[in-house]
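So you know, we letter chains A, B, ... as the sequences are listed, proteins then strands, and number each from 1.
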Protein chains: 2
Amino acid sequence: MSGSEALCERLGIQHPIFGFTPSEHVAAAISRAGGLGVLGCVRFNDPADLDTALSFMDENTGGRPYGVDIVMPARIPTEGTQKDLSALVPEGHREFVERTLLRLGVPPLSGASAGDAGVLGWLHSVARAHVDIALRHRISLIANALGSPPVDVIERAHAAGVPVAALAGTAAHARRHVDNGVDIVVAQGYEAGGHTGEIASMVLVPEVVDAVGDRVPVLAAGGIGSGRQVLAAHALGAAGVWMGSYWLTTAEYQLGESAIQTALVRATSSDTVRSRIYTGKPARLLKNKWTQAWAEPDAPEPLPMPLQNMLVGEAHQRMSKGGDPDVVAMPVGQIVGRMNEVRPVAEVMASLLAEIEEARARLKA
Amino acid sequence: MSGSEALCERLGIQHPIFGFTPSEHVAAAISRAGGLGVLGCVRFNDPADLDTALSFMDENTGGRPYGVDIVMPARIPTEGTQKDLSALVPEGHREFVERTLLRLGVPPLSGASAGDAGVLGWLHSVARAHVDIALRHRISLIANALGSPPVDVIERAHAAGVPVAALAGTAAHARRHVDNGVDIVVAQGYEAGGHTGEIASMVLVPEVVDAVGDRVPVLAAGGIGSGRQVLAAHALGAAGVWMGSYWLTTAEYQLGESAIQTALVRATSSDTVRSRIYTGKPARLLKNKWTQAWAEPDAPEPLPMPLQNMLVGEAHQRMSKGGDPDVVAMPVGQIVGRMNEVRPVAEVMASLLAEIEEARARLKA
């Protein structure tokens, strides 16, 4: 049995295609299509909302397995209440954000929705609450997007029969994960969206496979959005692929005519930038007037995690409601150049699978 | 016949593995091993030296084909004599270089070798002289490492029956190359050594194949140093691979116990940085005390091509003779993490070919 087959059998999935997404609708559709939908939990500041989303998953994957992705940074960010932490954001930074939004024509929020706190899910306190909630649902995987999860979290997952995955940007990260008990390593290359390292997938994936591939399956992440890329990942030694960005233009987001999907559909692979302005750690984002503003000489240095996202949390909400595709805050990988239409998840998955077979046939010739 | 076979037949090579190198000894060995050795011409300030090197190639490839790589940037750099151009280098920049070399303990050159001019090969005047010389030898390829070669150069090559290759960092570059008459496009990803763009190979290669693959063969460059990576390049749609960095630790360089090969052998894939300090254009280099010095707050902005390399030309020579592996100036890709021993070219090629077959067998399973 190949590594891919063993992985599929262990998780009860048809295809070794892991789909990370912040939307429970998209995640459920990925699982229904035979992959493993992995719901990103970081946005659930209130764990009760995560509970609701996971109840939706329980009922909408047609009985198929799904996973969750929590965020526990290796270096623990400053803890505190929303109010305490908020006091640590310098006034000059707030002024820059306000001035920039005004210049870019982003309208303020209406009274009811004002005062967004930013994302708190990367505080260990919040992430642990996510783990507690998730283990009450029928999850098949807990992934950690930043560093190794704490050993006690891995042990709790294992006690519940749930394997743990962790993202790695270097072979050294991967070794540390596996030493800590992680069951699946996701080798995430430079070209990926969101938090990402410096080493590109072509180099990183075989390096991680050489480092830990005899102990755990390795998934390739970063730059995957076609059957050729899935096949290339397998050629590099990966047992499967982890795709995040590519689902952002699926219909199940139910965004309608959104500025974000408009911006994603028209962007090329040159239209991303790796920057600390989203969370305080380097993350790949869609390049536009907002990211450009932070590259100007008058822009302040981004704050450390979790303060930077608290600083820009309301701004993100304003831009999202503002509806200008030139001014959105959106993590996405270089594969955005291949995301050129809004399609249902099932159609995306069917195309991928057909392309893998085409590429395989071409490679044999 | 597959694209790879057609390419090999057209060029008269056994394997679609193109080996770029500044050493005629390495280039000849690559051709003898069944690939296409491509000699980088940019370092030949005096075209007569190139003539000598190509005569060596004519006699030392065992009758097998070889190519040359010239550099003609799309945006033509300031032309002028060495002395005229040298006058354009600001004094503050010279002082920074001198101060840095002193701080890093790099000894001055002995009188005879002092006054290196830096590389002049990216001046169009010098590059055209390279073309003239090359066309007098039995070359099978002219490649251009920066932008499309001028149309008249392409026409002269074609008139001599020599196909032309050009490196592309985006699909738009690739389209322009082919519109100008280029016969082979080298899609070079972010992870590559030397001059490189932002888009990683995993994303770039299929994008370039989609853009021009029905008109010309596409080679994958950047991050290739194992059979798995060669196979991945083919899975992405490439007809062959272009490797540069990987030959830098071959025995045919005849460097003996050199600081540069010591530095390369011990470096990991995290030990490179993309910077303008080598030539004025972004190029990936080995990360060390020299690149770090240019990232400090007191460092000046790098100068435009060709002035930056004139500024640091003598410094490069001093570092090379200085013998400290922590202080060398060396373009290399992220694949340096896989370059862990000094081996003859024939052995490197044999390993690659064996690994390709292993990877192919694993992928079939």
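Residues B:T268 and A:T170 form no side-chain contact, since every pair of their non-hydrogen atoms from C-beta on lies 4.5 Å or further apart. When side chains are defined from C-beta on, B:I199 does not count as touching A:E191, because their heavy atoms never get closer than 4.5 Å. Between B:V205 and A:M202 there is no side-chain heavy-atom pair separated by less than 4.5 Å.
The backbone N or O of A:E198 sits less than 3.5 Å from a side-chain atom of B:Q334, completing a donor-acceptor pair. Although no hydrogens or angles enter the test, the distance criterion places no donor-acceptor pair under 3.5 Å between the side chain of A:E207 and the main chain of B:G337.
Within a 6.0 Å radius of CD in A:E9, other residues, nucleotides and ligands contribute 12 heavy atoms or fewer.
Rounded to the nearest 0.5 angstrom, A:K364 NZ and B:K364 NZ are separated by 7.0 Å.
Across every non-hydrogen atom of A:G223 and B:V203, the tightest pair is CA-CG2, 3.5 Å. The two residues A:A235 and B:A359 have their closest heavy-atom pair at O-CB, 4.4 Å.
Contact tally against chain A (heavy-atom pairs below 4.5 Å) for B:L236, B:V209, B:L231: the top residue is B:L236. For the set B:D210, B:V230, B:V273, the entry with the most heavy-atom pairs within less than 4.5 Å of chain A is B:D210. The candidate with the highest count of non-hydrogen atom pairs below 4.5 Å against chain B, out of A:S2, A:G222, A:S269, A:S201, is A:S269.
Heavy atoms of A:R360 lying under 4.5 Å from chain B belong exclusively to its side chain.
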